[in-house]
Each structure stands twice: as structure tokens, then as C-alpha cells.
A.B. asks: 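Below: one structure in C-alpha cells.
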2 protein chains.
Amino acid sequence: MDDARRPGMADGSEAVAALVSDAPPRYRTATEFVEATLRRGILSGRLPGGTPLRQEELARLFNVSRMPVREALRQLEAQALIDFVPHKGAVVTDISAEDAADNYAIRRALEPVAFTLSIPHLDAQDFARAEELIVELDSEQEPGRMGELNRRFHMSLYARAGRPRLLALTEQQLAAADRYVRFHLAAKGQEHMAQDDHRAMLAAARERNVERAVAVLLGHLDTAAATIDAFFREWAG
Amino acid sequence: MDDARRPGMADGSEAVAALVSDAPPRYRTATEFVEATLRRGILSGRLPGGTPLRQEELARLFNVSRMPVREALRQLEAQALIDFVPHKGAVVTDISAEDAADNYAIRRALEPVAFTLSIPHLDAQDFARAEELIVELDSEQEPGRMGELNRRFHMSLYARAGRPRLLALTEQQLAAADRYVRFHLAAKGQEHMAQDDHRAMLAAARERNVERAVAVLLGHLDTAAATIDAFFREWAG
DNA sequence: TATTGCTAAATTGGATCCAATCGACAAGTA
DNA sequence: TACTTGTCGATTGGATCCAATTTAGCAATA
């Protein structure tokens, strides 16, 4: 596998490697397939909080037996995306103003650390990728895609932090935030999801100005948190 | 269930609820049993990094079939305690100087937030519990128990943060730290695990001095991180 | 009327069986 | 010799079957 990336090969293995990496992402196991699909559904809001997840029904829909479904549910439980009660079943976790505040408190703690550690090591390629994602965000309309693009933009700025566990945790919390971002978009209208903040974060990172970058990030998170909190208080009581 | 906490009841349901919560923790399913036992084993160090976990062998040892074992392994995978590779099997995650640094970076981000939010709402009972745990730590000899007591002391100070997700995440990271604390103890000798810091944290919390409390906490974490880092560099290369 | 006890259907937990995959080693080929 | 290919044992992934638990509904009783 790694041989394919070894330089100096002239037997066409690079071309094959390119073909493989361009191939549609195949799931190696049924459990992976079920887990990834359900997670997308939950994070995108298509499976709202409170939705019961019946093992047999899911097995029928996915054309698998109940066992991979159960393993997938166990993993989603460990990620706090579903509540799993013995002999009762699994239910998509409810979201609330409190949960959103929790999520933002966690992100507010983690992301500045990741950003600070990452900024000194970001290179031109990283900046270019971040720039691309901002452009994509400008032209994206679909709310589901916007959440993913937003997550990838943030992660692109943290990628060089050199702390894999910290980054994994940050990405998980960013993904969880997708569930709330949808409300944010519904409240503020599709257009702006604080693209000004994004540009300012990227600019500060380019200048290696850690202090300013973190300040912008914190302001970005605080305004988002306030918007969503206001939304919940108005709509959900 | 919630009725038990509703004020104004005079039928003794609160006393019953207390009885239930004091009852010995029984495992409701085989999966819970396997998962909790394996996690204790990993966090306590009795299952060191690199240990292969064969499904059939575990099933035999636990006197269950392979299915609850597999579900337990899935949950441990989601907690980053084991690596689960399709068709290859599960292996206890390796720990390293880098992982320890990761863990401390995360705790350094999360715990000050939890502490800050919690301090204003801590009451006399909370302080008494924390004090008790300090005393227990003074007289405890067994390394495994010390890690647990340390975790419970920290959590007792964060308990009133009113952010359940943040607290759950913090506790998870504290539990993960147990794997490193054992090295800390091996390096510094059993006696002191920075009990001075613990007393100072409690004193500052009692005075509602958030700034000083957080400063002590950060110093506490930094010295622990430095000790463990030095230990890894000396012993594990 | 409200509570209790019982029964049956639905749903999940767990066990057993079969299929798919991986790793190591042997055999064949240049 | 070095490299590729085929085979076999070990292990895991997945399907099917049975047991245990929960819950809703209904009847009986105080």
C-alpha cells in the first residue's frame, strides 16, 4: 500500500493509486455503512431528536441483518448522538438550548488551542485550501452541505496542530454543531454564515498573528452561540 | 422517574429514590458488563497498550457469546481506548509521550472552563466531599485506587458547572489520564500526587476566588504533564 | 374511579452457525 | 535468489434463531 507512494517507481503503480483514490468510497463492512449513514442523517437533521430507531426496521431499510445495525447503534451511543436504553431501544438524542450552549462551551475551549498550535505550521497549500472552502461556502445554497463546508474550513486551519486526539475531538464537536447550524441558517437566512469572520480568521493566520486569530475565532463562536440561543428561546420556548 | 424530584410530594418517593441510587450497581446486560470490565482493565493498566483482544477468548473468559463482546469493543473503539481494524481484530491503544501531551492539552482546555462555571455554585456538601477525597488520597497506597480518587476529586470540584456534556467529556479525559498517572506515580514515588495543589484548589474554591483556583489548576496540570513527559523521554525513549 | 394483576404482542438481548477476509507459508517462475 | 501466486488455518463479519424484557391493553378488585 505505502509502496504506491514511494517515489521513483516506473511501473504504473502511481496511476493505479490515483485510480483507487478517485474510486467511490466503498464501505469495508456493513457496520461502517450503517453507522456513517445514520450519523449523516442525525447531524444533517433528517433524523431529528426523538426519532426512535427500530433495529428491525433499519435492518430492512439497509438490507442487512440486525447485528451490524446494533453495532452501529453502539458506536453512535458512545458519540452521544443517540440514547440507548436496555430492552427499550435507541432514540435520537434531543437537542436543546442547553445542549447547544454545552457544545459551544466545549468548542470555545478546544478550538483556540488547536488554532494556536496550528498557525505557526500552516503552509501555502493549507491557506489555499481554506480559501477554496470560503469560496465554496459563498456559492453553496444547500444547508446540509454548508455545515460540512464550515466544518472543513475550521479543520483546515487547525490541521497542523500536531495533536491528533485534540483534533479528533474538535472535529467531533464541530460535527455535533452541524445539528445547531441548521437552526442558525434558518434564523439568519441562508446567505451569511459569518463569512467575514472566516476571512478575518484566514487573514490573521496568514500573518501568523495568533492573538488576533484567536480573538476573531472567539468572537465568531460567541456570536454563533448567541444567535442559536436566541433562536431556541424564541421558537422552542 | 422525574416525579421523584417533583417538590411537594409526601409519599416517601424521595426516600425510595435514595435507596435505589444507593443500591449496588448491577449490570443490566452482558454488553455493559464486558465493556465496563474491559475499560477498567485498560485504564488501570492491567491491559497495556498493544494487547490483542481476541473475541473468542474474551467470550470464553466472560462466559458469554461473542456478540456482547463485539458490541463492547465497538463502544471502546468510539472512546479511543482500542483500535479496531476490520477483519484483523482489536488491540488496546498504545500510549506514548505524544498521546499524554494530547491528553493534557485537552484537559488544560476543558477543566478551567468547568471549574470556572462550577465554583459559584459549589455548596458546603461539595466542599466536604472534596475534603474527604483529599484525606482518602493521603492514606491510599494502591495506584489503581489513587487514579480513581484523583478523578473523583477533580470532578467533585466541577460538578456544579451545569454543563452535562462538558462534564462528561471532562470525566472521560480524566479517566484516560489514569493510564498516564500510573507512570507519574512510578516516577515520583507513591506518596505525593501533588496534594498541595489539591488543597490549594479546594481553598481557592471555598473563597470563590476563580482566578486563583484556575491558576492553581493550570499549574497542577502543567507540572503533571511535564513529569510524565520527562518519564516517557527517559524510559521509553 | 383508581389501582392492581394478568396476558399477549412487540422489541431487544444473546447464542449459534455459516461466509468472508487476512496472514503465513509453500510452491512455482523468472 | 528474489518475486509472485496459491492454499490453508485462524479470526472476524454477518445471518438466523431463540430467550428475556418491556409495554399496552384489559379485566378484576377494593
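First the proteins, then the strands, lettered A, B, ... as listed; each starts at 1.
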A.B. asks: Counting only N and O atoms by type, is there a donor-acceptor contact under 3.5 Å from the side chain of B:S118 to the main-chain atoms of B:A114?
C.D. replies: no
A.B. asks: For the pair made of CZ in B:R54 and P in D:dA10, what is the distance, rounded to whole Å?
C.D. replies: 12 Å
A.B. asks: Find every protein N or O atom lying less than 3.5 Å from an N or O atom of nucleotides 13-17 of chain C, and list the pairs.
C.D. replies:
residue	atom	partner	partner atom	Å
C:dG13	OP2	A:Q55	NE2	3.0
C:dG13	N7	A:R66	NH2	3.0
C:dG14	OP1	B:A30	N	2.4
C:dG14	OP2	B:T31	OG1	3.1
C:dG14	N7	A:R70	NH1	2.9
C:dG14	N7	A:R70	NH2	3.4
C:dA15	OP2	B:S65	N	2.7
C:dA15	OP2	B:S65	OG	2.7

A.B. asks: Any salt bridge between A:E71 and B:R70, counting N to O under 4.0 Å?
C.D. replies: yes
A.B. asks: Side chains of A:E32 and A:Q75: do they bring a donor and an acceptor to under 3.5 Å?
C.D. replies: no
A.B. asks: Specify whether A:F33 and A:Y27 have parallel, tilted or perpendicular ring planes, treating 30° as the upper limit for parallel and 60° as the lower limit for perpendicular.
C.D. replies: tilted
A.B. asks: Please report, rounded to the nearest Å, how far the C1' atom of D:dT12 is from the CD atom of A:E32.
C.D. replies: 14 Å
A.B. asks: Mind checking side chain to side chain donor-acceptor pair (under 3.5 Å) for A:D102 and listing every partner two or more places apart, or none if nothing turns up?
C.D. replies: none
